[in-house]
Amino acid sequence: MSGSLWLKPPSATPTLPEPPRPAPRPTGTAADPIDELALRLDVFVAEAVHPDEIAALLESDGMTDDHIRLAYGRNDSFTLAEDLYARVERRHPEPPRRSRGGRAGSEGLGGCLLRGLVFALPGLAYVLAGPLLAGAPGRYGLPAGTVPLLAGAVTGWVWNQALSHRAHTWLGLGDRAAAARALLTGAPAGALAGTAVALAVARGGELPAAVFAAGQSLYLAAATVLLVLGRERALLASLLPLLGALPALRWDLPDPLRAGLPLLSLAAACLVAARTLRPGTARGAAGRGGPPLAASLPYGLFGLGSGVLVLHAGLGESLAAGTGAVVALTLSMGPAEWLLHRFRGGSLARLRTLTTARAFRRAVTGTLVLCLGGYLAALLGLTLAATLLWPGSLWPAPDRLLVLLLVGTVLWLGLLLQAFGAVLGAAAVCLLAAAAQILEPAAGPLAAGGAAAVLAVLSRVLLVRPTTHRV
């Protein structure tokens with residue numbers, strides 16, 4: 001079994017810093033009714049990039065053309081909006097202040113790279129435990145025990161992506177204790193679900209792999225807790241025993257050591273997660289309703305689609321050929337998260353400084369291209385490095401490298417859309433691409449390329465709207 005299939009724990013839904021809103025100007029009296037309206041709508045009009053935004057607001061408030069002609073002496077909402085736009089000085093939101101780490105509103109590149117490392121280190125558990133998982137002959141051309149391991153992992157990704165979104169919704173409401181309670185209930189349930197699925201699909205001789213999948217499910221649950229609650233460094237410390245796998249890349253190790261190091265790391269992660277969740281054992285305020293459960297379902301579906309695409313990138317041909325690809329995709333989640341924040345910061349800066357919708361569209365499109373290009377460059381570099389350093393990895397063929405970059409494009413654009421609330425579209429595209437690759441493995445490049453193109457169009461259409469960046 002490859003050392004890289006215990007992929008990144010389903011991380012928290014990417015949370016981008018909210019732009020601060022300027023304080024409204026003091027209102028006063030005005031002889032002109034349009035001046036009075038401008039004072040009343042001052043904040044919104046000052047932030048508008050185009051008069052059409054103001055016209056939409058006027059129409060949503062029920063202002064008909066007849067009312068506008070009688071009250072304001074203008075022919076329609078568009079004419080009135082242009083007048084308001086001309087009377088109010090542009091005051092776009094200031095971009096979030098940078099922290100000492102350099103990233104707007106949060107830690108900088110180092111913190112994101114730390115998360116990427118945390119996502120990838122669990123793969124060393126397979127290096128240690130791989131020889132212990134040998135059993136019945138493998139199915140579908142995969143090594144023995146692969147099916148229960150993959151089934152448990154995908155179940156964990158789906159469950160924990162949805163759980164992390166729900167917990168982050170509570171955090172966004174300012175209720176950390178409620179988030180902890182959601183994790184306290186949901187994380188063990190996810191571990192049980194992953195274990196049950198792995199045991200259900202296991203066949204004779206695959207019991208060791210099913211037991212390992214149970215530990216994998218426990219780890220995914222604990223890691224989700226720690227990542228959502230911002231305890232990345234504690235999670236990294238719990239993974240340090242897995243560094244004992246490095247000698248196993250070259251030399252054989254005793255079986256007790258191969259089993260003991262992953263168990264030690266798993267126990268440490270679970271203990272730290274349990275300690276972190278201690279506030280969740282307190283009873284919350286009575287009578288407060290929580291976010292709807294259905295709102296988290298699309299995030300789980302996105303986790304399913306993206307997880308299958310990543311696994312297909314690593315297992316589509318042979319395990320040796322795909323190891324470097326999966327390691328690179330896992331590590332690339334650190335730079336991916338940093339570039340998501342860079343895009344947000346860049347778009348907010350453009351929103352503050354540009355005064356026309358056309359200029360804003362061009363600037364945001366350029367920022368999107370630069371950030372996506374930066375991520376693909378990082379992914380390519382990590383792929384080459386992982387192929388050179390990981391024992392047994394084969395140099396990727398050009399067509400495999402193309403598929404990897406297309407899958408990377410799908411993942412990054414999907415995460416970007418998810419961060420801006422358009423998770424349904426991202427999930428649907430990823431699921432369709434994953435289904436196409438499962439039904440017809442030879443259609444991998446076409447499916448990944450089509451998904452990347454659709455997500456690129458969706459991203460461009462959504463993100464050039466100024467209102468998208470002020471939600």
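Bear in mind that the values here come from a model prediction, so they are computed numbers and not experimental data.
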Test item: R40 and L37 side chains (from C-beta on) under 4.5 Å apart, heavy atoms: yes
I need the full list of side chain to side chain donor-acceptor pair (under 3.5 Å) pairs touching residues 432-449, with sequence neighbours left out, sorted by first then second residue. H312-Q437
Of all pairs that satisfy side chain to side chain donor-acceptor pair (under 3.5 Å), the ones with a partner from residues 442-454, not counting sequence neighbours: none
List in chain and number order the residues that pass side-chain contact (heavy atoms from CB on, under 4.5 Å) with [X], two or more places apart in sequence or in another chain; answer none if no residue qualifies.
X: A162; answer: S296
X: L304; answer: V154, V158, V308, L431
X: A436; answer: A447
X: N75; answer: T79

So, using side chain to side chain donor-acceptor pair (under 3.5 Å) as the criterion, who are the partners of S265 when residues are at least two apart? none
Who passes side chain to side chain donor-acceptor pair (under 3.5 Å) against S77, sequence neighbours left out? E59
Check for a donor-acceptor pair, side chain of [X] on one end and backbone N or O of [Y] on the other, with a separation under 3.5 Å.
X: R74; Y: D65; answer: no
X: W159; Y: G186; answer: yes
X: Q161; Y: F302; answer: no

Under the salt bridge (Lys or Arg N to Asp or Glu O under 4.0 Å) test, which residues partner R231, sequence neighbours left out? none
Anything under 3.5 Å between a donor and an acceptor, one on a side chain of residues 360-367, the other on a protein residue two or more places apart or in another chain? List them.
{"from": "T365", "atom 1": "OG1", "to": "R361", "atom 2": "O", "distance (Å)": "2.8"}
{"from": "T365", "atom 1": "OG1", "to": "R460", "atom 2": "NE", "distance (Å)": "2.9"}
{"from": "T367", "atom 1": "OG1", "to": "A363", "atom 2": "O", "distance (Å)": "3.0"}

N/O donor to acceptor pairs below 3.5 angstrom from side-chain atoms of residues 189-196, sequence neighbours left out:
{"from": "T195", "atom 1": "OG1", "to": "A191", "atom 2": "O", "distance (Å)": "2.9"}

